[in-house]
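For reference, the structure is listed below as structure tokens.
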Amino acid sequence: MSAGHSQAVEPIKITREDVALDLSKAVEIYRGQGETFQVSTAPGADNIVRRIEVEAKDRSFTGDWAVFALANTTDAQIDRLIVAPHFRLVGSGLIWPDLGSQRIASITPSEGFALDRVSSGNADEFLVTLNPNSVITFVAELSSHNLPQIYVWEPSAYKDTVNSYTLFRGIVIGIAGLLALFLTILFVIRGTSMFPATAALAWAVLAYISVDFDFLDRLVNIDPANEQLWRAGTEVALAASLVVFLFAYLNLNRWHEQFSYGLLAWIIGLAFIAGIAWFDPPIAAGIARLSFGLTALVGLGLIIYLGLHGYDRAIMLIPSWLMVLVWVFGSWLAVTGQLDNDIVQPAIGGGLILIILLIGFTVMQHAFTGSTLFQGLFSDMERQALAVAGSGDLVWDWDVTRDRVITKPDVSKQLGMPAGSLNGPARSWLPLLHADDRDTFRSTLDTILEQRRGKISQNFRLRSSDGHYHWLSLRARPVVGADGEVIRCVGTMIDVTEQKKAEERLLHDAVHDNLTGLPNRELFITLLETTLAMAGNQSKIRPTVLMIDIDRFKLVNDELGISAGDTILLTIARRLHRLLKPGDTLSRLTGDQFAMILLSETAPSRVAAVADAVRKAIRAPITFARKEIILTPSVGLVSWTAGMNSAEDMLKDAELAMHHSKRFGGDRIEPFRPAFRTSGTDRLQIESDLRRAVERKELRLVYQPIVRLEDGTVAGFEALMRWEHPRRGLIQPADFIPIAESSGLIVALGQFALQQAADDLYAWQKQLGEIPLFVSVNVSSRQLIRRDLVGDVRSAITRSGIKPRCFRLELTESLIMDNPEQSAHVLTKLRQLGIGLALDDFGTGYSSLSYLTRFPFDTIKIDRSFLSDNTSKGAVLLRSMITMAHELGLSVVAEGVNGDAEVEELRRTGCEYAQSFHFGTPADAETSLRMLMEQYPLKSLS
């Protein structure tokens with residue numbers, strides 16, 4: 001057992017007129033003095049200081065003692081009441097506050113017995129009697145470390161004061177209770193989140209005031225040891241309910257989903273603090289007080305921000321929130337001790353009631369404004385009427401005041417989700433919306449609520465249960481209540497997934513090739529224009545355009561079919577695509593034409609290497625239906641130079657280079673040269689002039705004799721076409737025949753040649769009589785594949801009146817092999833007319849001997865190249881060809897015979913006919929007639 005001692009204290013003088021004296025500053029506190037405490041008394045009337053010793057009586061003694069002295073300076077006895085309140089808000093502290101407890105266990109006077117305790121639930125009260133002219137020192141055994149306040153009251157005055165505060169507190173508690181009950185009823189009627197949040201705040205205020213005003217102790221027996229827990233719990237509830245009210249009233253989840261997460265975290269934190277209150281109520285109350293103040297400041301910022309954006313709820317909350325800020329400031333002054341009087345604590349409780357009244361009034365404006373029709377639930381008939389007005393499939397109904405979306409029929413089932421999954425708050429739609437549509441959807445709803453007019457017209461995507469998105473078209477209008485605020489949005493929603501897919505397909509097909517999926521000509525030109533614009537501003541961008549055309553690809557379609565041709569085109573497209581590098585572009589312009597924008601390579605050598613790689617990729621064999629197909633390309637390329645700004649012009653230059661490559665036989669790469677533009681212009685002019693050449697009789701036939709080697713007589717003529725242009729003069733067939741074939745004019749020229757040759761032969765026979773003479777006319781590929789060729793030949797023979805055996809057609813091996821099946825069919829029909837068929841340039845094409853038996857030829861024409869081979873092998877080959885022809889029943893014409901020695905050699909080998917400039921140059925019909933008249937003079941005279 002330990003003992004402590006102290007010095008004598010100064011007594012506080014009391015007179016009969018003193019109603020209440022505050023001893024808080026006159027009390028001397030001695031801490032950690034042990035269970036026995038010695039103290040020097042205040043000097044008495046005889047000025048003698050005595051020593052007294054006091055022993056602790058309470059088992060929960062803290063070791064702290066309080067000492068004060070009272071002096072009765074009057075001649076009469078005075079009764080007084082010493083009062084130490086259990087809780088005092090003033091000076092309780094912000095962090096780790098003093099939440100109240102029993103303060104004094106007992107008081108021992110320096111004279112007489114220990115003071116009697118007066119029964120009281122909210123203060124330690126002791127009755128003391130002071131004799132006349134006496135000085136008594138009091139030693140108080142403290143039950144807690146703090147003694148916030150201790151008073152000496154005149155008993156009747158103290159009773160009156162307590163009674164007066166009891167009336168005030170009863171009125172305040174009654175108002176709080178009625179307000180909480182009314183808001184709860186309002187919540188039951190209305191049901192939106194704003195009303196339960198307000199009711200919860202009112203009940204939290206009622207609980208706080210009931211504890212603070214010691215009213216709860218009258219209803220529930222609260223042990224003084226649990227008083228701190230109750231007080232901390234009500235402060236945490238007050239802080240939490242204020243946060244929830246602010247969130248619900250301002251509908252913050254509609255502004256941003258992050259607010260919902262913030263609220264959840266805040267509430268979870270306060271719930272955790274409420275749990276801490278079981279173990280340490282002061283720290284829980286301190287955090288709750290900080291949360292309340294922080295909520296007031298955050299709320300002020302939100303109200304200012306939303307108010308500036310015209311949000312009506314924020315504007316209406318301004319008076320209430322200003323009151324909250326004043327209350328928070330006053331409470332801060334009180335708990336920190338800067339505002340110190342006995343009226344502060346009841347005033348702060350009354351201030352809470354004023355705040356709830358203002359908030360309740362604000363909320364009731366939302367509850368009772370607007371007609372019942374618009375704010376109540378819509379009936380099915382009314383909802384269907386609005387759906388008819390919106391003219392859609394699904395009714396979309398958003399009850400803004402309840403924040404509840406309803407779709408009828410339920411769109412959840414359409415998305416494969418549980419029924420009613422989307423019947424709830426509008427924010428529940430956000431996670432299912434496509435990321436690109438989420439912000440637009442939210443901002444559209446916000447705009448409607450802020451502007452209170454307009455309409456919702458939006459297409460968005462919702463994710464179904466299988467992960468796919470459905471396109472929905474929402475058309476709705478807001479319904480405005482009597483207060484001018486949007487209380488509902490109703491309209492229709494239609495599933496437009498199929499329409500959107502069709503639009504996407506159309507958009508893709510509009511700029512992409514349907515077969516290969518590559519960009520088409522329009523998209524290619526757009527990309528090229530963009531590239532050229534960049535090339536003008538960036539020195540590193542130097543594009544090259546490659547135009548790629550597949551040589552003789554039409555043969556593939558004619559022989560194998562279009563589907564096979566498409567398969568081969570796909571193979572070529574994949575091969576070319578593998579050559580691309582980042583930045584390059586490949587496009588399919590037309591059937592068998594591709595184009596490439598080359599950006600990855602700029603050096604001429606590297607560009608040439610890429611072009612060669614393109615050529616090799618196309619030349620690589622393609623196996624189809626057990627056949628090996630080898631194709632060749634004609635490639636034209638043009639590289640960008642300063643001043644090139646037109647994509648069309650650059651593409652035309654590449655096309656000119658490609659056509660120049662084709663003119664030289666194809667399977668080659670041709671860089672563009674400016675001279676090609678002039679060539680192209682001449683080509684167009686020649687084509688234009690050629691269309692009118694037949695009408696103007698600028699075309700004529702010349703005839704080169706074919707002689708019998710046996711006697712040197714003329715056996716027939718090969719008809720050759722000539723064009724006498726009025727300005728250009730004589731144009732060689734090599735210059736205009738390719739143009740006629742590519743433009744389709746070759747058909748008209750062929751018909752002219754057939755008819756003119758037949759007419760000239762008839763004129764010769766009419767002059768000379770029936771002589772063994774024939775005329776050969778060359779046939780082009782266009783004529784051969786036409787079904788009208790047989791009819792054209794029959795018509796020419798019939799009109800002219802010649803014998804069919806006198807008319808002969810010449811075809812080359814390469815011409816026949818363009819379409820062997822079609823050629824065999826047409827040649828058989830021609831042979832049935834009785835005309836002759838000659839295979840021209842035998843040995844220079846495919847040279848397959850089976851073709852001689854497959855096709856109905858009666859004559860072969862051996863090319864000059866076999867005659868010019870003077871080696872022994874060349875002679876053997878020539879003799880073999882002639883012998884083989886004779887054994888097959890074919891006659892032989894040798895072309896390009898030069899000199900009598902070759903004539904004699906051919907005669908010995910058995911060759912029947914020869915044709916060359918050695919026997920005569922091509923001449924017109926009159927000159928050829930004179931030649932014949934020299935050969936058959938007698939018949940001409942007769």
Side-chain angles (χ1 to χ4, degrees), residues 171-187 190 192-209 212 234-235 237-255 259 263 266-267 288-334 346-370 401 449 481 483-485:
I171 294 173
V172 170
I173 291 175
I175 296 174
L178 289 174
L179 190 56
L181 184 62
F182 176 77
L183 291 174
T184 303
I185 296 173
L186 189 63
F187 155 56
R190 302 301 300 161
T192 56
S193 59
M194 172 178 29
F195 301 107
T198 309
L201 179 59
W203 283 109
V205 169
L206 177 61
Y208 175 82
I209 293 175
D212 191 53
T234 56
E235 291 192 12
L238 188 62
S241 60
L242 183 65
V243 175
V244 173
F245 166 76
L246 180 66
F247 180 88
Y249 181 83
L250 295 180
N251 205 5
L252 295 179
N253 60 305
R254 182 174 60 84
W255 294 91
F259 285 127
L263 170 69
W266 202 320
I267 296 301
R289 293 179 179 183
L290 290 175
S291 172
F292 200 100
L294 184 60
T295 304
L297 294 177
V298 171
L300 177 63
L302 289 173
I303 290 170
I304 293 175
Y305 174 78
L306 299 179
L308 291 176
H309 285 75
Y311 190 36
D312 290 344
R313 288 192 182 184
I315 297 173
M316 295 176 66
L317 192 60
I318 290 176
S320 301
W321 212 256
L322 289 177
M323 187 64 190
V324 170
L325 292 174
V326 172
W327 186 87
V328 169
F329 181 70
S331 299
W332 174 73
L333 293 177
I348 288 178
L352 274 178
I353 298 302
L354 181 59
I355 291 173
I356 292 300
L357 282 172
L358 288 174
I359 290 177
F361 175 76
T362 304
V363 170
M364 282 186 288
Q365 283 185 304
H366 293 279
F368 296 108
T369 53
T401 56
L449 296 182
D483 61 344
E485 186 174 353

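Here the structure is a predicted model, which means the values were calculated and not measured. Computed over heavy atoms, backbone and side chain alike; hydrogens, waters and symmetry mates excluded.
- For the atom pair Thr198 OG1 and Ile356 CD1, the distance stands at 8.0 Å (nearest 0.5 Å).
- Distance check, rounded to the nearest 0.5 Å: CG of Leu242 to CD1 of Ile355 gives 8.5 Å.
- To the nearest 0.5 Å, the span separating CG on Leu354 from OG on Ser320 amounts to 9.0 Å.
- Taking Trp203 as the reference, Thr184 meet the side-chain hydrogen bond (donor to acceptor under 3.5 Å, both in side chains) condition, with sequence neighbours excluded.
- Separation of atoms CG (Leu300) and CD1 (Ile304) is listed at 4.0 Å; rounding is to 0.5 Å.
- A pairwise comparison of heavy atoms in Ala314 and Gly307 identifies CB-N, 3.8 Å as the closest pair.
- Here Ile353 pairs with Val172, Ile175, Ala176, Val205, Ile209, Leu357 under the side chain to side chain contact (heavy atoms under 4.5 Å, CB included) rule; sequence neighbours left out.
- Atom OG1 of residue Thr362 and atom CD1 of residue Ile315 lie 12.5 Å apart, to the nearest 0.5 angstrom.
- Note on ring orientation: taking the six-membered ring where Trp is involved, the planes of Phe292 and Trp327 are tilted (angle from 30° to 60°).
- For the side-chain contact (heavy atoms from CB on, under 4.5 Å) test with Leu352, the passing option among Leu206, Val324, Leu238 is Leu238; the others fail.
- Taking the side chain as every heavy atom from C-beta outward, Val326 and Leu322 never approach each other to under 4.5 Å.
- In plain terms, the two heavy atoms of Ala334 and Ile348 that are nearest each other are CB-CD1, 3.8 Å.
- Considering all non-hydrogen atoms of both residues, Ser241 and Leu201 come closest at OG-CD1, 3.2 Å.
- For the pair Leu317 and Phe245, the minimum side-chain heavy-atom distance is below 4.5 Å.
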